[in-house]
Amino acid sequence: MDEFLAGIEQLAIVRGLKASFVAYPIVNALHIMSIGALLTSVWLMDLRILGAFRSLPYVPFVTLLRRTAFTAFAGALVTGSLLFSVRAREYAAMPIFLTKMTLILLAVANFLTFMRHAKGGDEPPGGTVTILAVLSLVLWTSVLFAGRFIGFLN
Amino acid sequence: MQSPFNGIRSVTLAAAVILAAGTAAYAHHGWSWTQDGFFELRGKITAIYIGNPHATLDVDADGEAWRVDLAPPSRTIAAGFTEEVAKVGDEVTAIGHRSRDETEKWMKAARVIVNGKAYDVYPDRVPPA
């Protein structure tokens, strides 16, 4: 594992990013942008499922936000991997980083469970889906906080 | 609105405030996590990292493993401190401020001295001559 992580640090693109004056802050900014879009779409989507903004049609609203969240998550994954890569061994050894990764896995598992339960219908079905929406809000918000603390604990 | 999310929002906000307050002392961004008085560390370099988000040295000082934070790479390199001027095993003196939490062997340096040469990575923060 250590060798694999050290190998990542030695990749040409990663070495360039490590030493760059401009690229690293740009990747950093794009990571923040992706997370902002992800958290906003997750919050709006989950609040709609929990009964807010009832005047907005459920299906198109949630569909749009789910797509936005997907795209934003993909962006966060790419930019986050790049930020990780410059000091892969250092981050991989940090409990707060591992906490964040665990929270992301839980949030993704929660999303997959949600997709199994939320088939069809013009309005959210309530019950299990309500609990999953609350979990989604808590997990994604926790991911954000855990991520921010990486910068303050290393 | 009488939806359940008012409660959720309050819980999330409360959790955020508690988290922020509880960990503020550990902040390694900026200088807020360091003591006010100057601190000097002497030891042997065990690892050098000149890169984003900021450069660091690992230093062995009398058997204690220390982490010395320097400036971001642009600033560190501008001060003349590059991978060419220091190597693992070199004696180093780091002058700056140590963590307020003294159980943490961690400091942030304004000046490092290696092989008789001083590098001011934070020139505005070096001790007055």
Side-chain angles (χ1 to χ4, degrees), chain A residues 9 14-28 31 39 42-54 82-91 94-96 99 124 126 130-131 133-142 144-154, chain B residues 1-34 46-58 65 67-78 81-84 99-101 104 106 108:
Chain A
E9 292 171 10
V14 174
R15 289 166 62 95
L17 189 62
K18 175 191 154 189
S20 73
F21 299 163
V22 177
Y24 186 87
I26 289 174
V27 172
N28 208 331
H31 192 57
L39 267 284
V42 162
W43 270 87
L44 291 176
M45 183 165 49
D46 287 336
L47 290 177
R48 179 65 185 86
I49 291 161
L50 293 174
F53 328 124
R54 279 178 203 273
L82 286 170
L83 294 175
F84 167 79
S85 66
V86 298
R87 292 201 89 166
R89 284 170 296 174
E90 175 108 356
Y91 291 124
M94 288 179 74
I96 188 70
T99 303
T130 305
I131 297 165
V134 172
L135 268 175
S136 165
L137 285 178
V138 172
L139 285 169
W140 285 115
T141 306
S142 305
L144 171 77
F145 280 93
R148 185 72 288 232
F149 276 101
I150 292 171
F152 290 83
L153 291 168
N154 90 323
Chain B
M1 282 184 286
Q2 301 173 7
S3 310
F5 63 84
N6 272 334
I8 299 154
R9 218 180 247 173
S10 317
V11 170
T12 312
L13 189 66
V17 170
I18 292 163
L19 249 175
T23 40
Y26 290 91
H28 285 158
H29 270 320
W31 297 83
S32 62
W33 58 281
T34 60
T46 57
I48 303 172
Y49 176 82
I50 312 282
N52 285 302
H54 55 76
T56 62
L57 291 177
D58 288 339
R67 166 57 63 91
V68 180
D69 285 1
L70 305 174
S74 51
R75 220 170 153 163
T76 303
I77 293 166
F81 194 76
T82 64
E83 275 162 1
E84 281 74 48
S99 171
R100 286 181 195 280
D101 174 6
E104 214 177 24
W106 209 311
K108 185 160 176 169

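The chains referred to below are lettered A, B, ... by the order of the sequence lines, with proteins before strands, and numbering in each begins at 1.
- When each of B/S74, B/P72, B/P73 is checked for heavy-atom pairs under 4.5 Å with chain A, B/S74 comes out on top.
- The greatest number of non-hydrogen atom pairs below 4.5 Å with chain B, out of A/P25, A/S20, A/A19, is found for A/S20.
- For A/R15, the salt bridge (Lys or Arg N to Asp or Glu O under 4.0 Å) criterion is met by no residue, not counting sequence neighbours.
- Heavy-atom minimum distance, A/L137 versus A/V42: CD2-O, 4.2 Å.
- Looking at A/E90 and A/K18, no side-chain N of the basic residue comes within less than 4.0 Å of a carboxylate O on the acidic one, giving no salt bridge.
- Contacts of A/S142 with chain B are absent, with no heavy-atom separation under 4.5 Å from either backbone or side chain.
- By the ring pair (Phe, Tyr, Trp, His ring centres under 6.0 Å) test, A/F84 is found to be paired with A/F97, residues two or more places apart in sequence or in another chain being considered.
- When heavy atoms are compared at a cutoff of 4.5 Å, A/L17 approaches chain B solely by way of its backbone atoms N, CA, C and O.
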